[in-house]
Amino acid sequence: MTTTVPTGTRAAKNRARALHTFGAMMARDARVLRRTFVMSAVRIVIQPLLFVFVFAYVLPKVGGGGAGPGGEAFSTVMVPGLVGSSMVLQAMAAVTFPLVMELSGPGAIEDRALAPVSVRVLGLQKILSAVVEGLVAGLLVFPVVLLVHAQGHGPAVEVANWPMLVFVLLAGAVLAASIGMYLATRIDPRQIQVLFTLVMFPAMMLGCVYFRWTALESTPWLQYAVLLNPMVYMNEGLRAVLTPQIDSMPAWAFLTALLVGAVVFGWLAMRSFARRVLR
Amino acid sequence: MTGNLAIHADGLRKSYPGPGGEAEAVRGLGLSVAKGEFFGLLGPNGAGKSTTIGMLTTMVRPTAGRAEVCGLDVAADAVAVKRRIGVVAQDNTLDIELTVAENLEFRGRYFGLGRRDARARARDLLTLFGLFDRARARVFELSGGQLKRVMIARALVHRPDVLFLDEPTAGLDPRSRLHLWDVLRGLQAKGQTILLTTHHMEEAETLCDRLAVIDQGRVLACDSVRALRETVGAETVVTVVYEGGAFDLAAVRAMARADRVEATDGQVRVFAGDPDGVLSDLVALAAKAGLTVVDASQLAPSLETVFLTLTGREFRE
């Protein structure tokens with residue numbers, strides 16, 4: 001009995017080893033992100049930049065508008081929308097595209113799957129890595145949408161509630177990454193273009209990016225229909241904390257949707273991922 | 001007890017749901033590999049070799065049976081098993097986003113090495129495998145032979161107890177194949193336990209201490225190459241393929257040197273310890289019966305005759 005290692009000690013040792021592996025995988029993703037940073041940053045920023053340039057700079061200059069439906073500056077409406085949608089799209093893309101590639105080629109996922117951690121830890125790492133990429137995208141887009149505008153058409157932004165901001169950012173990014181992982185494990189790699197045209201683009205157009213959700217009151221069927229779009233909760237949540245002077249969805253609604261969505265899709269994604277990795 | 005065994009499998013099964021019901025890739029496979037042994041799984045494509053390797057390396061969940069690597073259950077103790085094995089898959093599984101050196105470096109870090117140690121280990125292995133000048137290359141810039149060597153180097157980063165190689169020389173040109181054989185012999189000389197799958201007879205014969213011949217998900221025979229050749233495949237196999245009627249099988253069986261005769265439609269096969277004159281006698285018998293001989297062949301005792309004797313089918317590479 002003298003050689004028996006106490007179970008608690010062994011479990012602690014295994015946890016520490018798994019954590020080291022997890023950290024090494026995050027470091028690998030950071031290395032790749034750093035290498036492609038300039039191109040990724042341009043890709044992430046270009047669309048929001050063009051939007052604020054046209055709608056908050058060019059149109060007010062040519063007298064074509066600049067005010068939203070409630071009389072608020074259009075630039076103010078767009079800040080949470082463009083930051084939120086960029087984060088959602090980037091967090092999804094960060095997990096979906098590499099994973100579709102890894103799962104389509106024979107055995108490509110084995111590079112990471114043979115590392116000494118459980119498949120669950122591997123899935124969690126992919127989600128966390130995508131969350132980080134989503135947050136980086138938000139950080140890149142925020143100054144752009146804050147600063148690009150015609151004189152007198154600047155957005156009015158303040159942080160009304162820091163804890164709520166942190167929650168919305170994290171839960172929204174986890175939800176987006178989980179949906180991305182779930183889709184990657186379910187779709188045929190050949191349909192990835194379809195995913196973009198049929199899922200990402202409509203989600204963006206109808207995601208309360210360019211208008212606030214409460215402005216849809218005049219079209220009730222649409223106001224309810226867009227609730228199927230997870231991006232709405234992220235954007236409305238950011239709207240509530242960043243531009244509190246503008247009407248937004250009730251806090252209980254977007255907080256519940258983000259939390260329940262992150263948990264449910266997180267669970268579905270992990271289950272589906274494990275089934276694809278272990279044959 | 002499986003104390004001295006690197007690998008032990010018993011009653012291993014794997015079935016996949018298919019369009020026509022369950023398809024069984026592995027059907028009750030058992031094998032034992034000792035520490036330090038170079039062991040081969042030889043079988044044609046589709047024999048169940050890759051699925052077997054998949055189960056032993058924790059990537060495929062067995063439907064039934066059990067397998068242990070270094071005394072650890074592959075299903076219940078998957079993470080601990082992964083620490084003790086290195087795997088070289090049949091396809092390219094290198095990380096395409098990373099350079100050659102980074103592939104090794106990060107593998108080391110996944111397995112607990114610190115950043116500096118991982119980098120040093122990567123450098124040592126690349127030097128050992130003659131790849132140092134390719135350290136900064138991207139994966140897609142490598143030739144097939146270099147790719148395999150990088151994969152083997154990567155599999156060795158964490159000094160695994162058992163190295164698994166799935167068809168390591170498939171698709172390589174003859175020169176790269178010979179080079180890789182040298183690499184593997186070198187590893188074995190240092191005491192590395194190796195399990196390799198191959199559908200290449202010469203490879204199995206050249207490298208392996210012991211072989212399991214597998215077909216249709218089962219082990220048909222398991223022994224050293226020499227023992228297999230001397231017992232199962234000790235006879236020369238003479239085959240005549242013909243058209244235009246029926247062979248006089250009674251006459252074939254009456255041939256003095258025919259130890260065993262197998263006949264199917266349009267084909268006669270004779271197993272003979274002393275094959276002198278068997279082929280010409282068979283051709284003569286065919287001519288006498290007015291048959292057209294389409295093909296005739298004589299196989300000297302080899303792994304090929306082992307396989308033929310065990311399965312009744314020719315081994316197609």
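Reminder, nothing fancy here: chain letters follow the sequence lines and each chain counts from 1.
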Query raised in the report: Do you know which of B/Gln90, B/Glu105, B/Arg115 has the most heavy-atom pairs under 4.5 Å to chain A?
Result: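 Answer, by heavy-atom pair count under 4.5 Å with chain A: B/Glu105.
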
Query raised in the report: Out of B/Thr51, B/Val81, B/Leu113, B/Ile85, which one racks up the most heavy-atom pairs below 4.5 Å with chain A?
Result: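 Between B/Thr51, B/Val81, B/Leu113, B/Ile85, the count favours B/Leu113.
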
When rounded to the nearest 0.5 angstrom, what distance separates [atom1] in [X] from [atom2] in [Y]?
{"X": "B/Thr93", "Y": "A/Ile109", "atom1": "OG1", "atom2": "CD1", "result": "11.0 Å"}
{"X": "B/Met59", "Y": "A/Leu278", "atom1": "CE", "atom2": "CG", "result": "6.0 Å"}
{"X": "B/Thr99", "Y": "A/Arg35", "atom1": "OG1", "atom2": "CZ", "result": "6.0 Å"}
{"X": "B/Glu97", "Y": "A/Leu33", "atom1": "CD", "atom2": "CG", "result": "10.5 Å"}
{"X": "B/Phe106", "Y": "A/Asp111", "atom1": "CZ", "atom2": "CG", "result": "11.0 Å"}
{"X": "A/Arg28", "Y": "B/Glu102", "atom1": "CZ", "atom2": "CD", "result": "9.5 Å"}

Decide if atom [atom1] of [X] counts as having more than 12 heavy atoms of other residues, nucleotides or ligands within a radius under 6.0 Å.
{"X": "B/Phe132", "atom1": "CZ", "result": "no"}
{"X": "A/Leu124", "atom1": "CG", "result": "yes"}
{"X": "A/Arg43", "atom1": "CZ", "result": "yes"}
{"X": "A/Met200", "atom1": "CE", "result": "yes"}
{"X": "A/Phe37", "atom1": "CZ", "result": "no"}
{"X": "A/Gln193", "atom1": "CD", "result": "no"}

Query raised in the report: Tell me, do A/Glu110 and B/Thr57 make a side-chain contact under 4.5 Å, heavy atoms counted?
Result: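 SC-SC contact between A/Glu110 and B/Thr57 ruled out.
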
Query raised in the report: What part of A/Val32 gets closer than 4.5 Å to chain B, counting heavy atoms only: side chain, backbone, both or neither?
Result: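 Interface part for A/Val32: side chain.
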
Report task. Please flag which part of A/Val121 lies under 4.5 Å from any non-hydrogen atom of chain B: side chain, backbone, both or neither. Result ->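 Contact with chain B: none, neither part.
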
Requested in this report: Over all heavy atoms of both residues, which pair between A/Ala274 and B/Arg61 is shortest? Give the atoms and the distance, please.
Outcome: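 Scanning both residues completely, I find the closest heavy atoms to be O-NH2, 4.1 Å.
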
Requested in this report: State, to 0.1 Å, how close A/Ala27 and B/Arg109 come at their nearest heavy-atom pair, and which atoms those are.
Outcome: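 Closest approach of A/Ala27 to B/Arg109: CB-NH2, 3.5 Å.
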
Query - A/Arg112/B/Tyr110 under side-chain contact (heavy atoms from CB on, under 4.5 Å): CA gap, chis, key distance, verdict - result: CA-CA 9 Å; A/Arg112 240 64 62 75; B/Tyr110 297 162; 3.3 Å; yes

Query raised in the report: Quick check: does any side chain N or O of B/Lys82 sit under 3.5 Å from a backbone N or O of A/Ala113, one acting as donor and the other as acceptor?
Result: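 Present.
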
